[in-house]
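The structure appears right after this line, and notes come after that.
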4 protein chains.
Amino acid sequence: MPRTQEENDRIRQAAKDNIRSAAIAIFIEKGYHDASIDDIAKRAGVSKGLIYNYYKGKEELLAEMVRTRIEDINHVMQTAATLDTPSEQLVHIIEGALHNVQQHPNVYRFYLHLQTQPEEDKVLARYSQMLNEAMADQFEVQCDMFAKLGDKDERMTSLYFSSTLHGAMQMISTYPDRFPVDDIKKKIIQQFCGG
Amino acid sequence: MPRTQEENDRIRQAAKDNIRSAAIAIFIEKGYHDASIDDIAKRAGVSKGLIYNYYKGKEELLAEMVRTRIEDINHVMQTAATLDTPSEQLVHIIEGALHNVQQHPNVYRFYLHLQTQPEEDKVLARYSQMLNEAMADQFEVQCDMFAKLGDKDERMTSLYFSSTLHGAMQMISTYPDRFPVDDIKKKIIQQFCGG
Amino acid sequence: MPRTQEENDRIRQAAKDNIRSAAIAIFIEKGYHDASIDDIAKRAGVSKGLIYNYYKGKEELLAEMVRTRIEDINHVMQTAATLDTPSEQLVHIIEGALHNVQQHPNVYRFYLHLQTQPEEDKVLARYSQMLNEAMADQFEVQCDMFAKLGDKDERMTSLYFSSTLHGAMQMISTYPDRFPVDDIKKKIIQQFCGG
Amino acid sequence: MPRTQEENDRIRQAAKDNIRSAAIAIFIEKGYHDASIDDIAKRAGVSKGLIYNYYKGKEELLAEMVRTRIEDINHVMQTAATLDTPSEQLVHIIEGALHNVQQHPNVYRFYLHLQTQPEEDKVLARYSQMLNEAMADQFEVQCDMFAKLGDKDERMTSLYFSSTLHGAMQMISTYPDRFPVDDIKKKIIQQFCGG
DNA sequence: AATGAATGAGAATTCATTCAT
DNA sequence: TATGAATGAATTCTCATTCAT
């Protein structure tokens, strides 16, 4: 007697999730190139073959991961946009970003690693670019916020803001134990969400 | 007619340099993993075997590269230290850093990529760490500068400064054509080398 | 409410036939090796599992196919044998053969491909051999026909006839659009069914 | 001290030849799909890696083989063309073809197998087609011969001739021990090289 | 000092087959 | 009877490294 449609869907979804989680974990631990399908299969506790049942290959696992990442970024931006004042919006972005890096420095590290992939890497260049574009989108949204904040030179300020914020994120992910996140957060808020 | 000792040394050194240059170029173009020894040999115009004559393997070529990089960083810091005022010193660091990234965005990209290597990568983690330590050294030197500048909270300022500077460098290397380097440079100088 | 025995048999037979048809179609389109069980299951509109319910594996599907082929060949020969004169009998064979190839060049092609399978192919060699034996049987029957036609050297004539006929079939299947089937048919009939 | 250029060339050529021979032998024994690179490496007594040093992959080994085959076919045709009378020319073609199959039935078998590859096989279809084209070229040359022989309907005769000849070849390769090659050869010569 | 032929360990991927439901 | 999730053995191909010359 075959399983019902629903049951199969459930099993499939569980298996996919399981594999995706394992892949994410392994990618973050070892990096994309060093992670083998075998590693992922072992971590997920499934056979190599099953991974190919659900994903076209290693690259698709990365694609899924990047897609999720971009959605997360966009989600933060959209939530920010619902807040009342530009000042609060920027604070939300800052806190979201720094909190995230602080909680998962390796994840930020992974994506920064991906973004800095040599452009010649035919496989990864696409994902690198997708992340850069997401950052560019984020930048545009920030420009609006600074404009609403009364900034006359909002593009320059947004750039400077992004530099500072990403610099801080980079530092946090590099020295996760030593970096005084809260103090830096205050400084950034004070500098850019000034009022 | 055997070569003289000196002549041999000269030949050896020239060959080593040649190989190192080729390796650097290829690593930066393709990244460490994607660069093959064959690529490097071809670029250097020598045989694969010769590379192993001078270097223990691929990894040692990277080690050499990282060593040079760290020396370059230290060199900038030392030169800065010879300047008269802390303000001039910081300006020198800023200009050196930004100019460098602007001239060779891919080089900065390469090292940032290396620094963000997953820690589990047994081969590369060491180099990642070495670069981080160099950055930490740089940080300490900067602290002195900010202290001399009269800053009471020089460690925090130095951190914030490093964040901002590295953030800017990251942005330049990501968007080399669109980023207004000079404007940002001015802003950084104004903010940190202030008065 | 359990099904009756008959009903079950009917269902089983229908399912088997369905699968066999799908397998034949896929085998002919893609060849044995390139055809996947998945392809066959999709074409038949059943699950992979069901195929294994009715057939031991991929090979048995081929076996079934070859069995049918041989039956078809024998059927043509038997029908020929019911005709009155040896001349008519041979004409029937020729027309049957050429018509068949002309209608389904890919089918002939498939079996010729199978017959020319390397002998070492442990899986397929058996089927190759079965087809060759069927051809040998056909040859014997033809010998009788040529004998009845008054040929003193009937084995040689039958061989020459088979060569010519199979050569023509090979040409038709290779150049299905360009080959003047009817003209060649006439020539063969004229040459061999002459008297 | 490195080897001289010549010495290397010699070594390379020997290795290539060795690999090619092994590949041909294995392909003929097991067929293209069933032959693994491992098989070929073992037969050649070299490592798998070396094969990829000399050939882009499995397909290139086949390509080389097919190229040689076509050259051989063309060579027979060209040699035939140098003979004085069309009758002698045709006899030369017949003898060349039948002798060849008789000596190496498995080789003929291999190429017929290749020619009958399903068209959907994306890898092999090209080679199949190349062989068919070589056969078509051969056909055109034969037409001229029959024309010179005074045949009014030379294209039809050439087709019929080709059918008969290829049919015989197919039979020889199928029943190499039982087929009376010389007798059939005489019959073909008698039928087509008139005089 | 210099060469490049040769190796072999390891990676991604495919697919016939099994088996719990 | 029927399903399709899961397996794992086999295969192609890559590349850092070795070593005879």
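Quick note on labels: first sequence line is chain A, next is B, and so on, each numbered from 1. Keep in mind the model is a prediction, meaning the values are calculated, not measured.
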For a side chain to side chain contact (heavy atoms under 4.5 Å, CB included) check, start with the C-alpha distance between Asp34(A) and His33(B), then their side-chain angles and the critical distance, and finish with the verdict. CA-CA 9 Å; Asp34(A) 238 45; His33(B) 275 116; 3.6 Å; yes
For Met65(B) and Ile28(B), what are the C-alpha separation, side-chain angles and deciding distance, and is it a side chain to side chain contact (heavy atoms under 4.5 Å, CB included)? CA-CA 10 Å; Met65(B) 205 176 154; Ile28(B) 284 168; 3.8 Å; yes
TODO: Test salt bridge (Lys or Arg N to Asp or Glu O under 4.0 Å) on Arg43(C) and Glu29(C) and set out the steps.
DONE: CA-CA 12 Å; Arg43(C) 177 71 59 100; Glu29(C) 273 173 30; 3.0 Å; yes
- [ ] List the steps, then state whether side chain to side chain contact (heavy atoms under 4.5 Å, CB included) holds for Leu62(A) with Val123(A).
- [x] CA-CA 10 Å; Leu62(A) 179 65; Val123(A) 181; 5.8 Å; no
### Message
Is there a side chain to side chain contact (heavy atoms under 4.5 Å, CB included) between Arg109(A) and Asn106(A)? Walk through the geometry before answering.
### Response
CA-CA 5 Å; Arg109(A) 193 181 169 102; Asn106(A) 287 338; 4.0 Å; yes
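Atom CD in Glu59(D) sits roughly 14 Å away from atom C1' in dC13(F) (whole-Å rounding). dC15(E) atom C1' lies 12 Å from atom OH of Tyr32(C), rounded to whole Å. One atom, CG of Leu50(B), and another, P of dA16(F), lie 17 Å apart when rounded to the nearest Å. In this structure, Lys30(B) places its NZ atom 9 Å from P of dC15(F), rounding to the nearest Å. A straight line from CZ of Arg3(D) to C1' of dA5(E) spans 6 Å, rounded to a whole angstrom. Separating the NZ atom of Lys42(D) from the C1' atom of dA6(E) is a distance of 17 Å, rounded to the nearest angstrom. Atoms CD1 (Ile51(B)) and P (dA16(F)) sit 10 Å apart, rounded to a whole Å. The distance between atom CD1 of Ile40(A) and atom P of dA12(E), rounded to the nearest whole Å, is 8 Å.
Residues Lys58(D) and Phe27(D) meet the side-chain proximity criterion, which asks for heavy atoms closer than 4.5 Å.
For dT17(F), the OP1/OP2 oxygens have a side-chain nitrogen or oxygen of Tyr52(B) closer than 4.0 Å. When the side-chain nitrogen and oxygen atoms of Tyr54(C) are compared with OP1 and OP2 of dA2(F), one or more of them lie within a distance under 4.0 Å. Dashed line: the shortest gap from a side-chain N or O of Ser47(D) to OP1 or OP2 of dT7(E) is under 4.0 Å.
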Given Watson-Crick and G-U pairs under 3.5 Å, DNA chain E in dot-bracket ([ ] crossing, | other strand) is .||||||||||||||||||||
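For Asn53(B) against dA2(E), a side-chain N or O and a base N or O form a donor-acceptor pair under 3.5 Å.
DNA chain F is contacted by no residue of residues 10-22 of chain D, taking any non-hydrogen atom closer than 4.0 Å.
Evaluation of the side chain to side chain contact (heavy atoms under 4.5 Å, CB included) rule for Lys16(A) yields Gln13(A), Tyr54(A), Tyr55(A) as partners, not counting sequence neighbours.
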Pairs under 3.5 Å (N/O, protein and nucleotides 9-11 of chain E):
none

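Met130(D) and Ile70(D) make their closest contact through O-CD1, 3.7 Å (heavy atoms, listed as atom of the first residue, atom of the second, distance).
Across the interface with DNA chain F, nearest-nucleotide mapping of Gly57(D) and Gly57(B) shows Gly57(D) to be the residue nearer the 5′ end.
Among the nucleotides dA12(E), dT14(F), dA5(F), the one closest to the side chain of Asn8(A) is dA5(F).
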Please list every donor-acceptor pair under 3.5 Å in which a side-chain atom of residues 18-25 of chain B meets a protein atom from a residue at least two apart or in another chain.
from	atom 1	to	atom 2	distance (Å)
Asn18(B)	ND2	Ala44(B)	O	3.0
Ser21(B)	OG	Asp17(B)	O	2.9

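Proximity of a side-chain donor or acceptor of Ser128(B) to a complementary backbone N or O of Leu124(B) within less than 3.5 Å is not detected.
Identified under the salt bridge (Lys or Arg N to Asp or Glu O under 4.0 Å) test for residues 118-132 of chain A, with sequence neighbours left out: Glu59(A)-Arg126(A).
Note: Phe110(C) CZ to Arg69(C) CZ = 10.0 Å, rounded to the nearest 0.5 Å.
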